[in-house]
Protein chains: 2
Amino acid sequence: MATKVFVFDGREGKAQADAMKEGPDISRLSALIGDPARANMLSALMAGKALTAGELAYEAGVSAATASGHLRQMAEAGLIEGVSQGRHRYFRLADEHVQRALEALMSLAAQKGHLRSRTGPRDPALRAARVCYDHLAGAQAVEIYEVLTARGLFAASSQGIALSTPGRAFFAQAGFDVAAMERARRPTCRACLDWSERRYHLAGSLGAALLQRVLDEGWAIRAPDSRVVTFREGGQGALAALLQLG
Amino acid sequence: MATKVFVFDGREGKAQADAMKEGPDISRLSALIGDPARANMLSALMAGKALTAGELAYEAGVSAATASGHLRQMAEAGLIEGVSQGRHRYFRLADEHVQRALEALMSLAAQKGHLRSRTGPRDPALRAARVCYDHLAGAQAVEIYEVLTARGLFAASSQGIALSTPGRAFFAQAGFDVAAMERARRPTCRACLDWSERRYHLAGSLGAALLQRVLDEGWAIRAPDSRVVTFREGGQGALAALLQLG
DNA sequence: GGGATGTTTCGGTGGCGACCAAAGTGTTTG
DNA sequence: CAAACACTTTGGTCGCCACCGAAACATCCC
């Protein structure tokens, strides 16, 4: 017993483990996400809409008191942000980093067979076209992204993807202020993994601008209490014409 | 009180929450990752090397008995895989999906200020060049990726990035069997977020082939007990010449 | 064979945290 | 102003899980 490598008495062990950590503290955030009630809240927030504390309590299946505690913890950890509005308090995911990490976890869980049920939203309208944060998602959005990609409008960049030279010209000609977008800090283009389709769609400031255009032009309207995007008669065609699809 | 929206009695709430889940069960895996001991083990495995149960127990700062239990749980959940070799049992991350999810969590934790200490590995040699799974990582790898990207060798694809037409020609001419890679199921190119640099480097079968070439040609050697890659005299230049850098 | 080393199983202990009810704070409505 | 509503805080209970020691396998080395 002379050469025992390390001793545990419940205290030294902990201290050593602490000293050993060098990377980011992955466990704190994961433990937060790991509670079923909190995970349900986060999943509900993945839709991109802000929800009240009461709605989140309902989603999680816990009492308002318990939910409040959970929300405080997640807000302190930087996973979510809450803004008070009257007697309600609205919560949303803090930023897209959180969204991306949750996406990765959901994708992993699905791939590992740890899924609780079917993939993605069951509502056909949701699968077809919906809002993801501030851009368009769903089968249509995936299709659009793939067609544009096949046309060579996006190039790989050190940050992910970016507009290629023809892409820059194309979107400028389509009426987007590409130059302003590329000056801003936010990435112009980002490939965002689609929740229901498991393929990519367009995000970033260009993706947001595209959704804005669709709504501004009245080609589609956003349902007030869901993230469904409903195209009006001719809206699809107008969007296809703008992007010169097929 | 006629229109009370929902009732909690502690049992209906739970049942309701279960029925409500539709997405993947994100909480199970997150709870596993959320324990500090398990998170330390996973962080240690992020280097890509297989480690024995004892080594992982030491990394986590827990007894061998406790570690064994943790490892069993993570293996059952599909996070890690263990192979017995003699009286040792070697564990590694199950696949690159796990790696990607952990990367996303580490990135998020770092960005949220939840880091326990400095970013990435402290060892300068590790920061410069190391192995990430089966490809090259570190400052050099990031630099290489950015130069190649700036030359337009990669294009955005529906799967992430892919070889552009000039890229395909370039690598074929450099002696890589590009056609075979693109026939295989594994993505030829993938942008992998670099642990220490926080920027992308090249992964996928092309990234693996590149590392293989570097090792085969004797331009660099892989240290036996770490993931450091040490370039020999002239190795850097030979690699730069192959890729026509600078 | 025997002894050292590595890993797992078993039994029992302890502590952390999720949970709710009830009371407290702030906001809207009548 | 009072009453209803939305949320948060407090106090206390309970269950789960990480943890260890000891013992049981398993494997290698001499």
Side-chain angles (χ1 to χ4, degrees), chain A residues 1-17 27-28 30-41 50-77 80 82-91, chain B residues 1-17 27-28 30-41 50-77 80 82-91:
Chain A
M1 67 172 63
T3 57
K4 205 147 194 317
V5 181
F6 49 89
V7 187
F8 294 107
D9 62 359
R11 234 154 262 274
E12 283 187 34
K14 275 262 194 268
Q16 180 189 38
S27 73
R28 259 206 59 144
S30 297
L32 282 175
I33 306 171
D35 178 79
R38 285 190 293 259
N40 283 338
M41 294 180 181
L51 297 173
T52 68
E55 289 169 326
L56 288 169
Y58 178 75
E59 287 283 343
V62 295
S63 74
T66 302
S68 179
H70 284 317
L71 292 169
R72 188 176 54 78
Q73 288 184 67
M74 291 195 287
E76 279 175 2
I80 60 176
V83 293
S84 293
Q85 224 167 85
R87 54 184 170 185
H88 292 282
R89 184 126 186 256
Y90 284 92
F91 289 91
Chain B
M1 66 171 63
T3 59
K4 202 145 199 315
V5 182
F6 48 88
V7 187
F8 294 108
D9 63 0
R11 231 157 267 273
E12 283 185 33
K14 273 266 195 267
Q16 178 189 43
S27 72
R28 257 205 59 144
S30 296
L32 281 175
I33 306 173
D35 177 80
R38 285 190 292 259
N40 283 338
M41 294 179 181
L51 297 174
T52 68
E55 289 170 327
L56 288 169
Y58 178 75
E59 287 284 341
V62 296
S63 75
T66 302
S68 179
H70 285 316
L71 292 169
R72 189 177 53 79
Q73 289 183 69
M74 291 194 286
E76 278 174 4
I80 59 176
V83 291
S84 293
Q85 224 168 84
R87 54 184 170 187
H88 292 281
R89 184 127 184 255
Y90 284 92
F91 289 91

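Chain letters run A, B, ... following the sequence lines, proteins first, then strands; residues in each count from 1.
Atom CE in A/Met41 sits about 8 Å away from atom P in C/dC19, given to the nearest Å. We find that OH of A/Tyr58 is positioned 19 Å from C1' of D/dC5, with the value rounded to whole Å. To the nearest angstrom, C1' of D/dC17 lies 15 Å from CE of B/Met74. The interatomic distance linking A/Glu55 (CD) with D/dC7 (C1') rounds to 13 Å, in whole Å. Here D/dC17 presents its C1' atom at 9 Å from CG of B/Asp35, a figure rounded to the nearest Å. One atom, OH of B/Tyr90, and another, C1' of C/dT5, lie 13 Å apart when rounded to the nearest Å. In this entry the distance linking CZ of B/Arg89 with P of C/dT9 reads 9 Å, nearest Å. Remark: P of C/dG6 and CG of B/Leu56 are 14 Å apart, rounded to the nearest angstrom.
Contact annotation: A/Thr52 side-chain N/O to D/dA6 OP1/OP2 distance is not under 4.0 Å. Phosphate proximity of D/dC19 to B/His70: present, with a side-chain N or O under 4.0 Å from OP1 or OP2. Side-chain N/O atoms of B/His88 include one lying less than 4.0 angstrom from OP1 or OP2 on C/dT7. Of the side-chain N and O atoms in B/Ser63, none sit less than 4.0 angstrom from OP1 or OP2 of D/dC19. Of the side-chain N and O atoms in A/Thr66, none sit less than 4.0 angstrom from OP1 or OP2 of C/dC19.
Backbone-only contact: B/Ala53 has heavy atoms under 4.0 Å from sugar-phosphate atoms and none from a base. At the heavy-atom level, A/Gln73 lies under 4.0 Å from the strands shown only through sugar-phosphate atoms.
By the 4.5 Å heavy-atom criterion applied to side chains, B/Glu59 and B/Met41 are not counted as neighbours. Residues B/Gln73 and B/Leu32 form a side-chain contact, since some pair of their non-hydrogen atoms from C-beta on lies under 4.5 Å apart.
Donor-acceptor pairing under 3.5 Å is recorded for the side chains of A/Ser63 and A/Thr66.
B/Phe91 approaches B/Ala53 most closely through the heavy-atom pair CE1-CB, 4.0 Å.
Remark on DNA chain C: of its neighbouring residues A/Ala37 and A/Gln85, the 5'-side contact belongs to A/Ala37, judged by nearest-heavy-atom nucleotide. Of the two residues contacting DNA chain C, namely B/Arg72 and A/Arg87, the nearest-nucleotide position lying further toward the 5' end is that of B/Arg72.
Atom-to-atom distance recorded for A/Glu55:CD and A/His88:NE2 is 8.0 Å, nearest 0.5 angstrom.
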